[in-house]
Amino acid sequence: MLISDQSTGRFQDRTADIAGVEPLPDGRVGIMFNGGKRYPYGANRVRVLRDPQHTTLSGDLRAEVCGTVWDSAIEVATFAGPEGGWSRVFYRSGEGVKHRAYPAFQVRVLTSATATGAAADVFRYWRAVVAGLPDDDPLVRPYRRLSFVDPESALGAYLAGRPIERREPAGVPIFPFRCNLSQRQAVENALTCSASVIEGPPGTGKTETILNLIANITVRDETVGIVSHTNSAVDNVREKLEELGFGHVLASLGKMEKRKAFFADQATRNAQVAAFAAETPPPPDPRRLADVDRRLRRLQSGERTRAERRHEIAAHRLEREHFERHLHGDEIPDLAGLPLLRRSSGRILDYLAESELERNGARPGLFRRIRKYFRYGSVRGLDPEDTEVVLRLQRAYYAKRIAELDEEIARLDDELRRADFDRLAQEHRDLSVQALHAHLGERYRGLARTVHDGDQYRRGKEFRRFIEDYPVLLSTCHSLSSSIASGFLLDYLIIDEASQVDPLVAGLALACCRHLVVVGDSRQLPPIPIASAADHVAPSPAYDCRKSILESLREVHGDELPRELLREHYRCDPAIIGFCNKKFYDDELIPYTSGGDGRPMIVVRTVEGNHMRRHRTGGRSNRRELEVIRAEVIPAHCAEVDPADIGVTTPYRLQADKVRDLLDQIASDTVHKFQGRQKKVVVMTTVLDESWPGRSGLPFADDPHLINVAVSRAIERFILVTNNDMMPTSRHIRDLVGHIRYHDLDEDVVDSAVVSIFDLLYQRYSQRLRSLAGRLRNERAYKSEDIAWTVLHDILAEERYQHLTVVAQVLVQNLFPDLSVLTPEQAKYVGHRASVDFVVYNRVTNRPLLAIEVDGFAFHENKPEQLRRDELKNQVFRFHDMPLLRLPTTGSGEQQRIRQALDDAEAHWARPIS
């Protein structure tokens, strides 16, 4: 029985004091209290509720009261009533049992997300891994306490693999910190989706994105925890918020020293809050904010395009320089007065593509001949079969494309200047800061200044007051659950540096929140595997605790996971980030930086010999590389740089320690420890050499994540110190060397007579060639190349070949520019616009890897003259030691043949560099 006294208009559970209830003759109700006293009450003031439904809370059942799970609750008795039910919650308190009553809609009985199904299997697997850890491991105690997972928590949704929930945006987002188009989309994803990922490559404003997200969460009066694998990873967030004057919303609750310092400094903080609230501005006009936001978004699109064009024009100028050098001073016709040279760069490529197709059987009719005249002008006297003519048109392409880009950049500059882009961006930021200040000022004017007790703040109502005072919590993944009230769910969780956080560590923090935002970079260093994980098999690969939470989420949700790559890059010299961009980010990054004077990337080789040493105590070092850094690199390439702005990094701890001993004023550490840091100049010592012991270290030192981190730490200059052979048997270090040498026009080492492919020219040319061939498909005599093109792209999409790409119909003289080394017959053949069907090359270094010819039976085997030309081509390729694969259309097993040829070609080029 439950009796409620509604005399105050609020429910009051008085049952514990009452011995009985009886009706009185006058219609009132008599209540007999313990101790013998009896009082009459108006019938409208008393509700007697009987026959409750009892739920015993044990195992996987918990009571949620007013949004918080009570671990201490042992039973819920729910009474039905005409005006709504009531629930009595029994809970342990000290050595006894107490109870409280609430309207039934405020009490729910929840079943743990890990009670059944796949989630239970994953959780058992995680617990088994934790059970294999030593008792002092920071994961052990939290997982012993984690006996219930709220089904509405981010962890519950993740373990169950529930679909991402989406909701409508609430008003115009604010951006008190710098923002761009990628950051905008990342914030909007986070605010409208139950889980989202922000991929933050180096220098793309990851911290600003987190700060803008925090601002939007707080103006919505919601709570957020920011965590990472270490305290230092979130310190930057605190520092930036404090710089802008909003540090008082933060509670630093990570390791014990930080927590003590935070609670000890509350008086100072409260004084700052009082001053902050007293100076609160009025909120900005929402219509003004929305208008500025709309205009700025449009201009940011133009700003991004301008950055893309600046990057493209720099790449074209560099490629043109290589093109001019490879001509070896050969005289090529100037084609003076040719109308085609006055057309656009695209028209020039169209003409080259169309004339190539005509050479292969696509003969134009009258209509197309007329169309060609209007597209290209008169081409009378122009011999498209002459290689020198093609070279002249290629040169014209570069001049035209660079002029077009210059013109477009000037137009965008003028558009942004006339729109006063910088002023508008600052106004948008000022309005956002005003909106945040106005909201928080109003919030804190209504709150009493409280000094919270570090030992008591997590208890019941005290924590509610605390989280209202401090809506933003900074912690580590391990300690977040012990930093908040038991059973409380934060509205949001942001995991920073998530590429280094495994699902087992992340799971502790996911259990404490409703919405999840994962921020990291899957191309940087992964988490250090938990030793005991090797002894257990995950029930699903997606939940393997040796992965990062970033990788795990992508596998759980696939393409449904909202993911935004921060594309705008603000840190490194374009040549430096250009390597990372091509090698690891599929050219999706857009450098907003400009190149400085001098050489941004340099390779320094040691003298010949194997200088790496393995030590009996463990570890590797290379004394010769240390001496090169001290005696050559620092004096020659860092003389004008403050030692505090130089960092030396290496894959090996022992080498880093030796650098520190030798150069005590210069920071030195392993690449793993350098993640998250940056220096104006970064020197990397590879340690390894081409001896067998040296090559044995390649799987570790040549790790792509490690190379990406090492290079992207450098702002203005990156210097690679390596052995004399430049690591030819490596894969990623070799690509780094190739990229540096391509960008360093002062490099005087010539590998061979095979030159770099002209990537920008041929990528555009191939696109136009394929497009035109598609339109002329019914007129083409040979379609076997189409099949090979498709097969090649399928193969190159595989992970092992993702550093490679392919272009079509490459001029042989673009590969081997020096005709003087050929026989007269070979030179004549090459000069007659000889081309190869496909060239596969390394898209990071632009180095050709493999040429492929598709040999149709009718065109090759049935024509002696064509067979003679084929043999001449074979001779030229053999002379230049360039692999050439011929694929007859009457053959079979093309995919395997191509893969084998690619592997053989990789091995062929993995030779010491002279």
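Computed from a predicted model, the values in this text were never measured in an experiment.
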For the ring pair Tyr543 and Tyr125, is the centre-to-centre distance below 6.0 Å?
no

So, using salt bridge (Lys or Arg N to Asp or Glu O under 4.0 Å) as the criterion, who are the partners of Lys260 when residues are at least two apart?
none

Could you check whether Asn189 and Gln185, counting side-chain N and O atoms only, form a donor-acceptor pair closer than 3.5 Å?
yes

Among all residues two or more places apart in sequence or in another chain, which pass the salt bridge (Lys or Arg N to Asp or Glu O under 4.0 Å) test with Glu222?
none

All side chain to side chain donor-acceptor pair (under 3.5 Å) counterparts of Ser475, not counting sequence neighbours:
Ser479

Could you work out, with salt bridge (Lys or Arg N to Asp or Glu O under 4.0 Å) as the rule, every residue matching Asp221, not counting sequence neighbours?
Arg443

For Phe123, the ring-ring contact (aromatic ring centres under 6.0 Å, His included) test, sequence neighbours excluded, returns none

State, yes or no, whether a side-chain contact exists between Asp430 and Val433 at a heavy-atom distance under 4.5 Å.
no

Just by distance, no angles: are the side chains of Ser499 and Ser522 close enough, under 3.5 Å, to form a donor-acceptor pair?
no

Please identify which of these residues, Val224, Leu250, Asp235, meets the side-chain contact (heavy atoms from CB on, under 4.5 Å) condition with Leu474.
Leu250

By side chain to side chain donor-acceptor pair (under 3.5 Å), His452 pairs with (sequence neighbours left out) Asp469

With no hydrogens and no angle check, just 3.5 Å: does a side-chain donor-acceptor pair link Asn212 and Thr209?
no

Is the NZ or CZ atom of Arg269 positioned over Tyr470's six-membered ring, under 6.0 angstrom from the centre and within 45° of the axis?
yes

With respect to Tyr91, which candidate in Glu75, Arg100, Lys98, His99 satisfies the side-chain hydrogen bond (donor to acceptor under 3.5 Å, both in side chains) definition?
Arg100

Between Tyr158 and Ser153: side-chain donor-acceptor atoms closer than 3.5 Å
no

Those residues at least two apart in sequence (or on a different chain) that pass salt bridge (Lys or Arg N to Asp or Glu O under 4.0 Å) with Arg294 are Asp291

Kindly state each residue pair satisfying salt bridge (charged side-chain N to carboxylate O under 4.0 Å, His left out) with at least one member in residues 171-181, sequence neighbours excluded.
Arg178-Glu208

Chi angles and distances behind the ring pair (Phe, Tyr, Trp, His ring centres under 6.0 Å) call for His248, Phe276
CA-CA 9 Å; His248 53 270; Phe276 175 87; 4.3 Å; yes

Taking atom types as modelled, is there a side-chain donor on Gln300 or Arg184 under 3.5 Å from an acceptor on the other?
yes

Checking side-chain polar atoms at under 3.5 Å, does Thr56 have a donor or acceptor matched by the opposite partner on Ser58?
no

Hey, are the side chains of Leu213 and Val517 touching, using non-hydrogen atoms and a 4.5 Å cut-off?
yes

Per the salt bridge (charged side-chain N to carboxylate O under 4.0 Å, His left out) rule, what does the pair list look like for residues 509-521, sequence neighbours excluded?
Glu152-Arg514

Salt bridge (charged side-chain N to carboxylate O under 4.0 Å, His left out) contacts touching residues 546-570 (sequence neighbours left out):
Glu199-Arg554, Glu199-Arg563, Arg304-Glu568, Glu308-Arg567, Asp544-Arg546, Lys547-Glu555

Salt bridge (charged side-chain N to carboxylate O under 4.0 Å, His left out) contacts touching residues 485-509 (sequence neighbours left out):
Lys206-Asp496, Lys206-Glu497

Just jot down the side chain to side chain donor-acceptor pair (under 3.5 Å) partners of Thr68, sequence neighbours excluded, or say none.
Arg464

